[in-house]
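So you know, we letter chains A, B, ... as the sequences are listed, proteins then strands, and number each from 1.
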There are 2 protein chains.
Amino acid sequence: MVKILLAEDDHNLGSLLCEYLKAKNYDAKLATDGIEAWEMFSNGDYDLCLLDIMMPRIDGITLARRIRETDNSMPVIFLTAKNLEKDILEGFSAGADDYITKPFSMEELLYRIEAIMRRTRGSRTTEAEIYEIGIYRFHPLTQILEKGDISHKLTTKESELLRLLCSHKNEILERNYALKKIWTDDNYFNARSMDVYITKLRKYLKEDSSITILNVHGKGYKLISK
Amino acid sequence: MVKILLAEDDHNLGSLLCEYLKAKNYDAKLATDGIEAWEMFSNGDYDLCLLDIMMPRIDGITLARRIRETDNSMPVIFLTAKNLEKDILEGFSAGADDYITKPFSMEELLYRIEAIMRRTRGSRTTEAEIYEIGIYRFHPLTQILEKGDISHKLTTKESELLRLLCSHKNEILERNYALKKIWTDDNYFNARSMDVYITKLRKYLKEDSSITILNVHGKGYKLISK
DNA sequence: AAGATATTTTAACTTTATTTAACAGGTTGT
DNA sequence: ACAACCTGTTAAATAAAGTTAAAATATCTT
């Protein structure tokens, strides 16, 4: 059973979410401020944290940083007020895996939780993360992309981008999302830089024609492969 | 076509919603109390239930429990008066997927229905969605339209539009609906842009004369093919 | 710390996708 | 029949993405 730490100071929304998650078979626990959340986190073995950004005592971003110091791979999703762009940027640099802006539908939240569990499952047990992409195998940890017995070492950025693409295989990886996660800021120049890396990755992966890094105009990229 | 069971005792609201959903191409059926709803559910093959919580004879929550006993994965959305916190909580433990508080906008409801349908039926269909259109085959995931051994890569917008047309094959695809889904806004200019794409698609599909993208004046388009 | 090397960003230019504009027909209701 | 609005088509303008190479940073080595 997936254990979720939910930190939300709005009591109405908090208990609502908590009940909903329980009904959906998650083992959800509610904290109503940052300190309480930190204490619960320290004493519990959670699989995922759902943190409101604006909370009394300790805000969600600071809390996420502390959580990440303890467990660098703990999945974190931020709940944030609509379009608080600045918060989102800071959230990513604090190690968020995703964010969702209020108001959101329960379905949307559930979808994101599931997507993250899908992506982190496996890497949670410290097992080496390996992606099979057509005839290639990719090891994000060592940044090695191999094809048969030929192995090629990727640079940091190449590897980070390929890893995001892989973890979103067959679904769209949004430009903004990738830019915030890898470049920490989604300005024009970073976007162009990302384009350059897409070209590089396409070159590395070109020997299997069933692999495509598809551009979704105005949105992002989609890695397509079996 | 998605079949929706709508249970709502307020007759005005009920028929309004029902008509609206039909206009949006859902196969909606209206029940005006809990018992009627239960009977209809038992005799029909619904894809989604939209239940008012306060209803005569059997309330929505009890009804949801019964429905869930029969079909554990039936998506349920509750309609509830604002601030009936307790109802909502209870609703979730009865297995609701989402809830929407009255008064709500039609668009909001539509959005949530779509979110749920995306999750429940998308999870199986996303695998390898392929449409056969006359002598053509269309792969939305890779955006490839093929005719025999000739394959042509569509652009994002072309593909999204063709996909919507295919998923509504031989039924009307409403302009507004398509505009909101693909362009996110249905203003004049986007509508003209859509016209341009219709022209493009017609060009691509012209080699099979049994295929027609028919305009339904003032409403939208209908893709006709075997 | 200087020089060599690898990596990342910026720039310039090319190509492609999408939107807007312009004009020509259609459809509908009065 | 006519006014108002909707649709079809083509071409131009704008915006986004693709590619390559040079410039700027960062990293490594001695």
| To the nearest 10 degrees, how far apart in direction are the end axes of the helix from dA1(C)-dT30(D) to dT30(C)-dA1(D), each fit to five base pairs? | 40°
| query | At under 4.0 Å between heavy atoms, what does Tyr221(A) touch on the DNA or RNA strands: base, sugar-phosphate, or nothing? | reply | sugar-phosphate
| Would you call Arg66(A)-Glu69(A) a salt bridge at under 4.0 Å N-O? | no
| remark: So the contacted stretch of DNA chain C, first to last nucleotide with an atom under 4.0 Å from a non-hydrogen atom of chain A, runs from dT7(C) to dT18(C)
| query | Is the CZ atom of Arg175(A) crowded by more than 12 outside heavy atoms at less than 6.0 Å? | reply | yes
| query | Are any side-chain N or O atoms of Asn190(B) and backbone N or O atoms of Leu179(B), one a donor and one an acceptor, separated by less than 3.5 Å? | reply | no
| Among side-chain atoms of Glu174(A) and Tyr221(A), is any donor-acceptor pair under 3.5 angstrom? | no
| field | Residues within residues 210-220 of chain A bordering DNA chain D, heavy-atom distance below 4.0 Å | value | Asn215(A), His217(A), Gly218(A)
| Parallel, tilted or perpendicular: which fits the ring planes of His168(B) and Tyr177(B), with parallel below 30° and perpendicular above 60°? | perpendicular
| query | Within the structure shown, what part of the strands sits under 4.0 Å from Thr155(B) by heavy-atom distance: base, sugar-phosphate, or nothing? | reply | sugar-phosphate
| query | First contact, last contact: which nucleotides of DNA chain D are these for chain A, 5' to 3', heavy-atom distance under 4.0 Å? | reply | dA16(D) to dT20(D)
| Would you call Arg57(A)-Asp33(A) a salt bridge at under 4.0 Å N-O? | yes
| query | Is the shortest side-chain N to carboxylate O distance from Lys147(A) to Glu207(A) below 4.0 Å? | reply | yes
| query | Residues in side chain to side chain contact (heavy atoms under 4.5 Å, CB included) with Asp208(A), at least two apart? | reply | Ile135(A), Tyr136(A), Ser210(A), Ile211(A)
| Would you call Glu129(A) and Arg163(A) a salt bridge, using N to O less than 4.0 angstrom? | yes
| said: Please tell me whether Asn187(B) and Asp185(B) have a donor and an acceptor in their side chains that are separated by less than 3.5 angstrom. | reply: yes
| query | For Lys180(B), does its backbone N or O pair with a side-chain atom of Asp186(B) as donor and acceptor, under 3.5 Å? | reply | no
| query | Touch check for Lys203(B), heavy atoms < 4.0 angstrom, all strands: base, sugar-phosphate only, or nothing? | reply | sugar-phosphate
| message | Regarding Arg202(A), tell me which of base, sugar-phosphate or nothing describes its non-hydrogen contacts under 4.0 Å with the strands shown. | response | sugar-phosphate
| message | Going by salt bridge (Lys or Arg N to Asp or Glu O under 4.0 Å), name the residues that satisfy it together with Lys169(B), two or more places apart in sequence or in a different chain. | response | none
| said: Tell me if the CG atom of Asn43(A) is crowded by more than 12 foreign heavy atoms within 6.0 Å. | reply: yes
